[in-house]
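Read the structure below first, then the notes.
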Amino acid sequence: ASDGEETCSGGAGHGAAKARGDQPRRWRVDTLNGTTGRAALDYVASELCIADAVCLQEMAANAACARTMQNDFKARGWTVTINDSCSTQGRVRDGLSAGTAVGAKKHWGTCLLPGQHSTVIAEHRISAMHWMAVVKGGVDLASVYLVSGEGPSAANAGLLDALGDKLLHLNRPFVVGGDWQMTSEDLESMGWVQRVGGVIVRPSAEYPPSCKSGVGRTIDFFVVSKGLEHLVADCYVVQQARTTPHRPVRIEFHSSMRA
């Protein structure tokens, strides 16, 4: 969508879904820390990615690279907007770290959140857009990449509050996927999930973990608004993916929308 544009475009949303048939479908969202934008692009373009929308982290892309990658996603049938990465003075990945992205297949409508001039909620760390899917009227979709090694810190609480304030103000259904840099238990202990009226949805199986670093932990998962909880059909790690050390995590929703 164009800066400041609040009218969803790119697909007809609910109406288009009904027009393609009358069988209920599952809506799928993948969240992935691909460690680079190119790895994320390769996954999204692969047969393993059967998602309708994606929340991506660690894009490791400056502004120029982000624009190029957005065009590459578009050529593969996706509308993806990338929040630039930050400079780390050459300590990691040629001086770039973080960077988030949100996107959906082009035939589903997407737009900026009301009052936003871009998808950026927190620079380098949180992106969000509105996606005309899952329920009539659509959902707000966000991608979160918290600060590594800090867990439930003040810095991470501040990032979450920036997103939480936006979600509470809009008061609409939401789906937030992320590399939370902590377990679901640690996130729950912060009180943020309760404050925004959400519930944590993590892979139903304990193994394999979403991240293979160290002892292996599941730190990639979703927070969805309570009103969507009854539509959650499944959540699991996409084990066949070749991304490392993180694997994609997928959430599936039942829906009254038709496709």
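The analysis underlying the following values was restricted to heavy atoms, covering all of them including side chains, and did not include hydrogens, waters or symmetry mates. In this text the structure is predicted, and so the values were computed from the model without any measurement.
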Tell me, do [X] and [Y] make a side-chain contact under 4.5 Å, heavy atoms counted?
X    : Y    : result
P245 : T35  : yes
C235 : V249 : yes
V201 : V223 : no
L113 : L170 : yes
N62  : C65  : yes
S127 : Q57  : no
R247 : R242 : no
L228 : V135 : yes

When you compare the side chains of [X] and [Y], does any donor N or O come within less than 3.5 Å of an acceptor on the partner?
X    : Y    : answer
Q70  : T79  : no
T100 : S143 : no
R125 : Y145 : no

What verdict does the side chain to side chain contact (heavy atoms under 4.5 Å, CB included) test give for I50 and R28, after you've listed the backbone C-alpha separation in whole Å, the side-chain angles of each residue and the deciding distance to 0.1 Å? CA-CA 7 Å; I50 58 172; R28 299 177 175 92; 3.7 Å; yes
Run the numbers on V176 and L167 for side chain to side chain contact (heavy atoms under 4.5 Å, CB included), then give the verdict. CA-CA 10 Å; V176 183; L167 296 176; 4.2 Å; yes
Test item: [X] side-chain N/O and [Y] main-chain N/O as donor-acceptor pair under 3.5 Å:
X    : Y    : answer
E206 : S204 : no
Q194 : G198 : no
T36  : A60  : no
T31  : G178 : yes

Taking every non-hydrogen atom, the tightest pair across [X] and [Y]:
X    : Y    : value
Y43  : L48  : OH-O, 3.7 Å
I219 : D179 : CD1-OD1, 3.5 Å
I200 : S184 : CD1-O, 3.4 Å
D220 : P203 : O-CD, 4.2 Å
A40  : M59  : CB-SD, 4.2 Å
V139 : H130 : O-ND1, 3.2 Å

Cluster question for you: counting only ILVMFWY and a side-chain heavy-atom cut-off of under 4.5 Å, with indirect links fine, are [X] and [Y] together?
X    : Y    : value
I82  : V44  : yes
V29  : V238 : no
L146 : L56  : no
W131 : V175 : yes
W78  : L41  : yes

Just how far is it from atom [atom1] of [X] to atom [atom2] of [Y], taken to the nearest 0.5 Å?
X    : Y    : atom1 : atom2 : value
N33  : H246 : CG    : NE2   : 4.0 Å
T119 : I121 : OG1   : CD1   : 8.0 Å
Q116 : C111 : CD    : SG    : 11.5 Å
M190 : L160 : CE    : CG    : 5.0 Å
N156 : L187 : CG    : CG    : 9.5 Å
C49  : R250 : SG    : CZ    : 6.5 Å

Could you name each residue pair satisfying ring-ring contact (aromatic ring centres under 6.0 Å, His included) that touches residues 201-235, not counting sequence neighbours?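 The answer is W180-F221.
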Only counting residues at least two apart or in another chain, list the ones meeting salt bridge (charged side-chain N to carboxylate O under 4.0 Å, His left out) with E185.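 Expected list: none.
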For D52 and R26: C-alpha separation, side-chain torsions, deciding distance, then whether salt bridge (Lys or Arg N to Asp or Glu O under 4.0 Å) applies. CA-CA 9 Å; D52 302 289; R26 286 190 179 186; over 6 Å; no
Can you check whether W27 and W108 have ring centres sitting under 6.0 Å from each other?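 Yes: the rings meet the under 6.0 Å criterion.
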Of the options V196, V199, V193, which is the one that meets K226 in a side chain to side chain contact (heavy atoms under 4.5 Å, CB included)?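 Testing K226 for a side chain to side chain contact (heavy atoms under 4.5 Å, CB included) against V196, V199, V193 leaves exactly one candidate, V199.
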Scan residues 69-82 for pairs that pass salt bridge (charged side-chain N to carboxylate O under 4.0 Å, His left out), counting only residues two or more places apart or in two chains.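 Sorted result for residues 69-82: R38-D72.
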Please evaluate residues D161 and R195 with respect to the criterion salt bridge (Lys or Arg N to Asp or Glu O under 4.0 Å), reporting the C-alpha separation (whole Å), side-chain torsions for both, the decisive distance (0.1 Å), and the verdict. CA-CA 9 Å; D161 283 344; R195 184 172 84 85; 3.3 Å; yes
Given the rule in the side chain to side chain contact (heavy atoms under 4.5 Å, CB included) test, do I251 and V232 qualify, once you have shown the distances and angles that lead to the verdict? CA-CA 7 Å; I251 190 171; V232 175; 4.2 Å; yes
Test side chain to side chain contact (heavy atoms under 4.5 Å, CB included) applied to S148 and Q181, step by step: CA-CA 6 Å; S148 177; Q181 306 284 7; 3.7 Å; yes
